[in-house]
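Labels below follow one simple rule: chain letters A, B, ... track the order of the sequence lines, proteins then strands, and each chain is numbered from 1. These numbers come from the heavy atoms of this one structure, side chains and all, not from hydrogens, waters or symmetry mates.
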Amino acid sequence: MSSENGQQTGGAEGAPPEQLALIRESVRKAKAPRAKPRTWRGAALAGELPVARVLVDKGALHLDRYFDYAVPEELDADAQPGVRVRVRFGAGRHRVREGRREGGGLIDGFLVERLAESDYSGPLAALAQVVSPEPVLGEELLALARAVADRYAGSLADVLQLAVPPRSARAERRPSPGPLPPPSAPAPGPWERYEQGPAFLGSLASGGAPRAVWNALPGPHWSEELARAVAATLASGRGALVVLPDGRAVARVDAALTELLGEGRHAVLTADAGPEKRYARWLAVRRGAVRAVVGTRAAMFAPVRDLGLVAVWDDGDDSHSEPHAPQPHAREVLLLRAAQDRCGFLLGSWNCTVEAAQLVETGWARPLVAGRERVRAAAPLVRTVGDGDLARDEAARAARLPSLAWQAAREGLRHGPVLVQVPRRGYVPRMACAGCRAPARCRHCFGPLQAQGSDDLRCAWCGREEDGWHCPECGGFRLRAQVVGARRTAEELGRAFPAVPVRTSGREHVLDTVPGTPALVVSTPGAEPVAEGGYAAALLLDGWAMLSRPDLRAGEDALRRWIGAAALVRPQSAGGTVVVVAEPTLRPVQALVRWDPVGHAVRELAERDELGFPPVSRMAAVSGPGEAVAEFLRAVELPARAEILGPVPLPVTPPGRPRRPGAPPPGEHWDRALVRVPPGNGAALTAALKSAQATRMARGGSIPVWVRIDPPDIG
DNA sequence: GTAGCCAGGAAA
DNA sequence: TTCCTGGCTACC
């Protein structure tokens, strides 16, 4: 033993675990070639399983592995798998100067496993602290986080940050209530309306693991249907998890569950409860006191015991996509869970995403749909206003609203509230020729022109300013906005129907419900309040804006938003009418008229398959400064059948716009390449990207690139 | 990420 | 010879 070490240990009575680092230091100094876990002289280690495998809480990809630490005797009892710990990590050589140790800060981690010995050949440092004896990271959650990290080419630590809420000591001290016995199986209720509905519930109640893509009938029963699926699962003695796109949807299912099962059987996990409350609820789930969870996307990781069902509602809503690294999508996470836990799976929506259609096409899930006659009976009448109608429509030109829409509003207001769906504010209006209505396009890249300030025209794709526009079709010089703004529409409608109250629902102020009395309800997509008894009519006014987006998902998105509004309207038999201002020949418009979102998704899927687009192919985006992207692409060892598209320049972020992850900072020019692989090669692709990224990060100096699996905005 | 190691160059 | 910086690697 070196004198340095002797002084240190000798000077401190009952040396704390940290002192072990000093011993380790001396061992290193001595450079004695020795085998596996060192014996710690001067400090007692746990008698059994003295090695703790720890996941250090650092997102860096090249640290995405476990580190072994020695377990001091005094931490032996608390240092159980799953607990939070603190360890010394950082530059290894903990120097001692003037009696103090330096370097290597304390960092958080999770104890993953206790072992008899380490496979690490060097000397082990000791656990510094067990933060709390509460085991928060169970085996299943760890396996799930691992799978999600692999699926998204991210680090385990990043995923755990999403999966395990921050600790609150007070919440931990509070005991959770004891678990309730399973309830009895519910009656199918509104599930009777679906051919396979009662069978699906029956399977859940009897311990089965059915997997279904459920195309929900329009109307308000979906939340009760979800609640019954949860209740059926609980009846089998298993747990259930429902992930919803927003707080309003959570509140509906929460209410339905409370009505069906009373209080205490389910937990609501949303971000808006404070951290302590949130952690307390999460703990109650983790401890097995509560067997069912409803929540927004963070709940996708909820550690429900003995999972029997995972369900997601409206997977097309982009709030199911987690914005934090590695940006997993709730649907995909629940798919992984269903596979891992062999539990039931339910993907429900009024609409149908291409991904949902694929689950059915591949045979992984069964369709859960109502017969056509039921659909027709539940859906409103949908009428379209196309270009031709508009051109002929004197009233539309004068008042910016087609006469059919006026008629529908007037008629609807005699029977109840009328919903008016308008583009979201901040949705910069696209411009069209005032004469012939041809969309105004950039003369350089053919991107859509949009109005910036009062007269300032700019291309939405390349950002170039346009000052001498004239229409290439008819030679006209006058432009008009293609879409009508929300406030303006509200004002105009208010003036036209002075006796009727006008209510608005949008970003800042979202209305939850409106009464069934006549009123104009102006709303942006996704913020539509539910009307008591349903709306008498709906006007969908943003068709052009929705469909002219240069995005692969433009059609699907438009249909989703229209269906989201139209599903709140009374059935046709009760006079419910929807007017959509969009070209009736377009595929999403036809799908709305026929109320056939599944057919639409199936056709889209076939097309994407042909084009080699996701979700049939797996795709990843690599973005960053041109040189960095090029360098990354040179370095990455892609699977054999991978294909690199691009790189191409990304649109420049306009100044003042909040920067999204993966988008260039304002003023910087970035490139983006897409990498795609055929079906079945997704894992190889993410592994390759992850390892290339890890090597880059490990040596500093190289400019970082962003890697995004399943990029949402491929155009 | 970050400390420490080592190599290579400038300063003395 | 000494000191400093920059690049590189390990971190248990």
Can you tell me the distance, in whole Å, between the [atom1] atom of [X] and the [atom2] atom of [N]?
X: A:Leu124; N: C:dC11; atom1: CG; atom2: P; result: 11 Å
X: A:Asp68; N: C:dA10; atom1: CG; atom2: P; result: 17 Å
X: A:Arg88; N: C:dA10; atom1: CZ; atom2: C1'; result: 18 Å
X: A:Arg86; N: C:dC12; atom1: CZ; atom2: C1'; result: 17 Å
X: A:Gln693; N: B:dG1; atom1: CD; atom2: P; result: 12 Å
X: A:Asp57; N: B:dT2; atom1: CG; atom2: P; result: 15 Å
X: A:Tyr66; N: C:dC12; atom1: OH; atom2: C1'; result: 14 Å
X: A:Arg696; N: C:dT9; atom1: CZ; atom2: C1'; result: 17 Å

Salt-bridge contact A:Asp306-A:Arg238 (side-chain N to carboxylate O under 4.0 Å): no
Between A:Arg114 and A:Asp76, is there a donor-acceptor pair closer than 3.5 Å when you use the side chain of the first and the backbone of the second? yes
Sequence neighbours excluded - side chain to side chain donor-acceptor pair (under 3.5 Å) pairs with any residue from residues 615-630 of chain A: A:Glu627-A:Arg634
What residues form a side-chain hydrogen bond (donor to acceptor under 3.5 Å, both in side chains) with A:Arg291, not counting sequence neighbours? none
So is the aromatic ring of A:Tyr120 stacked onto the base of C:dC12, judging by whether the centres are under 5.5 Å apart and the planes are under 30° apart?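 Here A:Tyr120 meets both the 5.5 Å and the 30° conditions.
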